[in-house]
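One-based numbering along the sequence shown. Atoms within a ligand are numbered from 1 in the order they appear, just like the ligands themselves.
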Amino acid sequence: MDRRTVLAGTGAAVVASKVPLGPESLTSPSPLDKPGELALWYDAPGTEWESQALPIGNGILGASILGGVGTDEILINEKTLWTGGPGSAGYDFGNWRTPRPGAVARVQQAIDERVRVSPEEVAAELGQARNAYGSYQALGTLTLTTAAGAATAGSYRRELDLERAVARVQYATDGVRHTREYFVSHPDRVVVVRLGGGSVSFTAAFGVPEGRMATTTAADGRITVAGALDDNALRYEVQLRIVTTDGQRTDNADGSVTVSGASAATIVLAAGTDYADRYPDYRGTDPHGKVTAIVDRAALRAYPQLLETHVRDHGSLFGRVRLDLGRALPQVPTDVALAQYQPGDALEGLFFQYGRYLLIASSRTGTPLPANLQGIWNPYPSAPWSADYHVNINLQMNYWPAGPANLFETVAPLVEFIDALRRPGRVTAREMFGASGWVVHNETNPFGFTGVHDWPTAFWFPEAAAWLAWHLYDHYRFTLDESFLRERAFPVMREITRFWLDELHVDPRDSTLVVSPSYSPEHGDFSAGASMSQQIVRDLLTSTLEAANLLGDRQLGGEVRAALRRLDPGTRVGSWGQLQEWKGDWDDPADDHRHVSHLFGLHPGRQITPAGTPGLAAAAQTSLRARGDGGTGWSKAWKINFWARLLDGDHAHLMLSEQLRTSTLRNLWDTHPPFQIDGNFGATAGITEMLLQSHTGSVDVLPALPSAWPQGRVTGLRARGDLTVGITWSGGQARTIAITAGHPGAVTVRSTLFAAPHEVNGLRHPAHTDGSCTFTARAGGRYEISA
Ligand code: FUC
């Protein structure tokens, strides 16, 4: 079967059934022996983690595959293994260690009087040195040592199949063909490594990073490694079981296990910590019992069963969206394809799906903590920015694809995390502002760090909680899940709204309500009413009002409506036609700072649209042009989204090309630099924005299609209003649009297709001059529109 035909199928069953699942898949050629459209592959082992590791994960356990021949070092991560927090000396949640009555009011007054105040001066008043914040840690390394020499020239292949979420290494030595398969199962909660090819001999050892205390034992083919972090006494445990049916297996005194002469071997690894996302101690139960039960259960299952369960589970999410941009990948390793990349190459489609793959691997229902700055993969004891949760753009960007790219199940850890921030965030709101509600500032960790530090340009951002709430309400807008809105989203939104109703300040110059002190992320002076602050608060209040109307909270609705009337909207056109970043006209046209925060209302917000607010959209475009096409990885990814929202597909595509050319590593990870995963997710979201938009209430088909993609097909994208959308196009125009409605109600679709006579479910309709079509969908109804 032609691979394209397979890809065009729908659903997990198709994906799973094309793969031979029995042990024979280890020795006979599988479809993966041919480079696949949806695989990353290389013809040599990786030697550098950051640019060459192939990541696999189940939302909590991650593994990085480099695929060495004689020695295979597999880095293992467990998402909750962090230093810092309670138990670590001096941890204070970022709250002021001694009360500072009136501190915020003093800064407000300084801003009222002097308009602009330097970040250094504000940090001296409101900041404090950060204590015991911690960093995400590696769990350790599973090392497989074999006696094998170098692989026979030309026989080596290392790949990551995105459809099955299986990494695979194969090579030949002395006439023997060896295979290793690696995956992390969400249903079985284990890392699985299968060594096959016959004549399997190796020693497996698990080592923790240097300097960490651990006890390691091997008994009966089981390796147990347990200990606690020095820093905060967080307990961790890892257990591996090495399962063979023939050959010899020996437990070694140093805690390793040796297998010799087996036809195949399966290693299952489970791990856990005693972390719990629960204020104030952030500790749950000792991991020993849970880890033992999980690894024992997995060890009883035959390898083909483990694999099949995993492939079906992953495929049930991943297989929902198919994207064909009309080109095939060149038959060269992925690093070569990246080096040879030309705008319009099929690599763009692979990059889109890789973002979806990475989100599934780093965030799943039932796992704690959202995807961090590195997803779940990290070898460093002190990771860049701690591999934490920056909430002035980065954590939010991680979840942009979840709705449009049909991965709702990845959102649950973010929802839980936001919910858990409320308890520490209330303390910060009370102690810092004397306000009700809750806040979190510029960044946070797994231990409820909702306060501040003292880096002047990036310590103050109480708007972050409102921006996080955007994700809750947008989840509702996509799914129309009213019980989610009532039980999960609205209580959080209401509380943040309370905070801002308390905390908005009357600007003495014009009596509008403004955020003060306010700071455009990492840029400029402190002032009152910076555009991003106003736009975020306005978005929150608008969404809260919609939700309050829906749920019948009339009192809150009334208060919010009154505040909205007085709120400065944060959208002003300045002297050179730019959208002002601040309430004052201070923008420098030569400024190319990576943050373009004042365009929040364009994306992810919905306040600025080319059709609804053409003057503001034009100003946003002027600002964006002035900022230029450079920036870090995530900044370029955001610019894909901005240009798509400005309906300029070619510029959006230019930003995608720039990202692939200058901010993408050989393993297709986004680089800031260094590696930072947000850009992967931002780019995937940006591609959806080019193909389908729904933030204004209508379903806009191919709103920003670039000329580089004249023909193509996509299925399974989601639009707000519980709609699933497929599109085919050629000559740059939509030819068919298929919409499935989950809920009944009016649906408005916009497409150039309506400008000519067309058919809806076989019935002929005349041209609609305004390029849109509105119909009443029934729940479960499918509507096929064709030119
Ligand atoms: C924000 C950005 C930086 C980086 C960091 C993790 O502070 O400005 O570029 O992405 O988060």
Margin query: Centre-to-centre under 6.0 Å for Phe449 and Tyr133, is that the case here?
Written below: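 Aromatic pair counts; centres sit under 6.0 Å.
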Next item on the list: For residues Phe600 and Trp467, establish whether the separation of their ring centroids is below 6.0 Å.
Entry: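 They qualify: ring centres under 6.0 Å apart.
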Look at [X] together with [Y] and state whether they make a salt bridge at an N to O cut-off of under 4.0 Å.
| X | Y | answer |
| --- | --- | --- |
| Asp525 | Arg116 | yes |
| Arg130 | Glu443 | yes |
| Lys639 | Asp629 | no |

Notebook entry, point to check: Can Thr632 be said to touch ligand 1, with heavy atoms closer than 4.0 Å?
Noted result: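 The answer is no: ligand 1 sits nowhere under 4.0 Å from a heavy atom of Thr632.
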Next item on the list: Check each of His595, His523, His593 against atom 8 (O) of ligand 1 and report the one with the nearest heavy atom.
Entry: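 Going through His595, His523, His593 one by one, His595 has the nearest heavy atom to atom 8 (O) of ligand 1.
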Checklist line | For atom 2 (C) of ligand 1, the option (of His390, Glu522, Glu443, Gln676) bearing the nearest heavy atom | finding: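 Comparing heavy atoms across His390, Glu522, Glu443, Gln676, the nearest one to atom 2 (C) of ligand 1 lies in Glu522.
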Checklist line | Val391 side chain reached by His441 side chain, heavy atoms, under 4.5 Å | finding: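 His441 vs Val391: side chains apart.
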Next item on the list: Specify side chain, backbone, both or neither for Asn442, according to which of its non-hydrogen atoms lie closer than 4.0 Å to ligand 1.
Entry: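 Neither; no heavy atom under 4.0 Å.
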Note to self: Heavy-atom distances under 4.0 Å decide this one: backbone, side chain, both or neither, for His672 against ligand 1?
What the structure shows: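 Under 4.0 Å from ligand 1, His672 contributes side-chain atoms alone.
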Margin query: At less than 4.0 angstrom from any non-hydrogen atom of Trp634, what atoms of ligand 1 do you find?
Written below: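 Heavy-atom distances to Trp634 below 4.0 Å select 2 (C), 3 (C), 4 (C), 8 (O), 9 (O), 10 (O).
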Item checked: Protein residue, atom and distance nearest to atom 6 (C) of ligand 1, heavy-atom basis ->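 The protein heavy atom lying closest is Trp385 CD2, 3.4 Å.
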